[in-house]
2 protein chains.
Amino acid sequence: MSELTEYERRLREAGLRLTEPRRVILRILDEAADHPDATEIFQRAVKKDARISLATVYRTLKMLEETGVVERHAFEGGPARFEQADGEHHDHLIDVETGDVIEFTSPRIEELQKAIAEELGYEIVDHRLELYGRKIR
Amino acid sequence: MSELTEYERRLREAGLRLTEPRRVILRILDEAADHPDATEIFQRAVKKDARISLATVYRTLKMLEETGVVERHAFEGGPARFEQADGEHHDHLIDVETGDVIEFTSPRIEELQKAIAEELGYEIVDHRLELYGRKIR
DNA sequence: ATCTATGCAAAACATTTGCACCACC
DNA sequence: GGTGGTGCAAATGTTTTGCATAGAT
């Protein structure tokens, strides 16, 4: 009666061990409604299992990123922030006052990006679009 | 017969002193065809004036950024890179193989960004679009 | 003469890593 | 039981900062 989540299954398939720290971190990311940084994830992890170390958080996040389970975002000034990968690509609007992150997508912009890159003789392997804004009223 | 450049004049107007380190750093940025990071700027500066310190490079870059004379870019993984502000806004395509940076503009994308932000109830104060690509052929 | 800018060295951060021990498969 | 993962602490890389002095206005 093992209750493996989809993400735990993906680690198994990648030949990686399913340890307690990893389970805890995966759960935190799954529960997170925001885009926490490594320190925040560490703080939340310690509440669930006091023995987890910050080094493991970093190692696990890097591993999960390589496995495609989480995405790393380096927003302006400040540490990298993480979110569970949901398959769908999206971009971010960051509230400069609160730090809140709003997700959005724009197929039109994606198309234009591709066209621009091609015109310059490049094929896009990754891209990043971030809007920094202030709430109106 | 003072030969003040436009940028030196802007510092004067901002009530800032025009020192030798600042003159050197401004000249380096003016001569730079690439987007150097603080360490690279420091290395180039030392060749022109051996007494310049890395701390001053950082302090000067921050000051120049606040004055609007240079722009700071934090590309994926790696230190911040700088370029002289030319007034015109542009985005970047980074060659993932060589690290080369190609500048481009897209008024259409800018418009779409503004529309998206407005729809979400935000006014854009800044934005960042980076394409990471590989040269075709 | 005043007051800002600098150099130096130390500190602050974010992140990575070496090593001995632990625990998953 | 073997190997990969973890904790700890030290190292790394980038950027900032305190303090006494030098230098621009």
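Here is how names work: the chains are called A, B, and so on, in the same order as the sequence lines, proteins then strands, and each is numbered from 1.
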Report the distance from atom [atom1] of [X] to atom [atom2] of [N], rounded to the nearest whole Å.
| X | N | atom1 | atom2 | result |
| --- | --- | --- | --- | --- |
| Glu20(A) | dC25(C) | CD | P | 11 Å |
| Leu64(A) | dT15(C) | CG | P | 15 Å |
| Arg17(A) | dG2(D) | CZ | C1' | 8 Å |
| Leu11(A) | dG4(D) | CG | P | 16 Å |
| Glu65(A) | dT15(C) | CD | C1' | 13 Å |
| Glu76(A) | dT15(D) | CD | P | 13 Å |
| Arg23(A) | dA23(C) | CZ | P | 14 Å |
| Leu61(A) | dG5(D) | CG | P | 15 Å |

> Do any side-chain nitrogens or oxygens of Thr19(B) fall under 4.0 Å of OP1 or OP2 in dT4(C)?
Replying inline: no
> Arg12(B) side chain N/O closer than 4.0 Å to the phosphate oxygens (OP1, OP2) of dT25(D)?
Replying inline: yes
>> Going by salt bridge (charged side-chain N to carboxylate O under 4.0 Å, His left out), name the pairs with one or both residues in residues 68-77 of chain A, residues two or more places apart or in two chains.
In response: Glu65(A)-Arg72(A), Glu76(A)-Arg128(B)
>> Strictly by salt bridge (charged side-chain N to carboxylate O under 4.0 Å, His left out), give each pair with a member in residues 45-55 of chain B just once, sequence neighbours left out.
In response: Glu31(B)-Lys48(B), Asp49(B)-Arg51(B)
Please write out each protein N/O paired with an N/O of nucleotides 17-21 of chain D under 3.5 Å, distance rounded to 0.1 Å.
{"unit_1": "dG18(D)", "atom_1": "O6", "unit_2": "Arg59(B)", "atom_2": "NH1", "d": "3.3"}

Holding to side-chain hydrogen bond (donor to acceptor under 3.5 Å, both in side chains), I want the full list of residues that pass it with [X], two or more places apart in sequence or in another chain.
| X | value |
| --- | --- |
| Glu97(B) | Arg134(B) |
| Thr19(A) | none |
| Arg27(A) | none |
| Glu103(A) | His35(A), His90(A) |

> To the nearest 10 degrees, what angle separates the axes at the start and end of the helix from dA1(C)-dT25(D) to dC25(C)-dG1(D), five pairs each?
Replying inline: 30°
> Which residues satisfy the salt bridge (Lys or Arg N to Asp or Glu O under 4.0 Å) test with Asp126(B), sequence neighbours excluded?
Replying inline: none
> In chain order, what residues pass the salt bridge (Lys or Arg N to Asp or Glu O under 4.0 Å) check against Asp34(A), with sequence neighbours excluded?
Replying inline: Arg44(A)
> DNA chain C: Val57(B) or Arg72(A), which has the more 5' nearest nucleotide?
Replying inline: Val57(B)
> Between His127(A) and Glu130(B), does any side-chain donor sit less than 3.5 Å from a side-chain acceptor?
Replying inline: no
> Arg22(A) has a side chain; which of dG5(D), dT15(D), dT6(C) sits nearest to it?
Replying inline: dG5(D)
> Which other residues belong to the hydrophobic cluster containing Phe75(B), where Ile, Leu, Val, Met, Phe, Trp and Tyr are joined when side-chain heavy atoms lie under 4.5 Å apart, directly or via other members?
Replying inline: Val125(A), Ile94(B), Val96(B), Val101(B), Tyr132(B)
> So, Glu13(B) and Arg9(B), do they make that salt bridge, N to O below 4.0 Å?
Replying inline: no
> Is any side-chain N of the basic residue among Glu118(A) and Lys114(A) closer than 4.0 Å to the acidic one's carboxylate O?
Replying inline: yes
> Which of residues 26-54 of chain B sit near DNA chain D, with a heavy atom under 4.0 Å from it?
Replying inline: Arg51(B), Leu54(B)
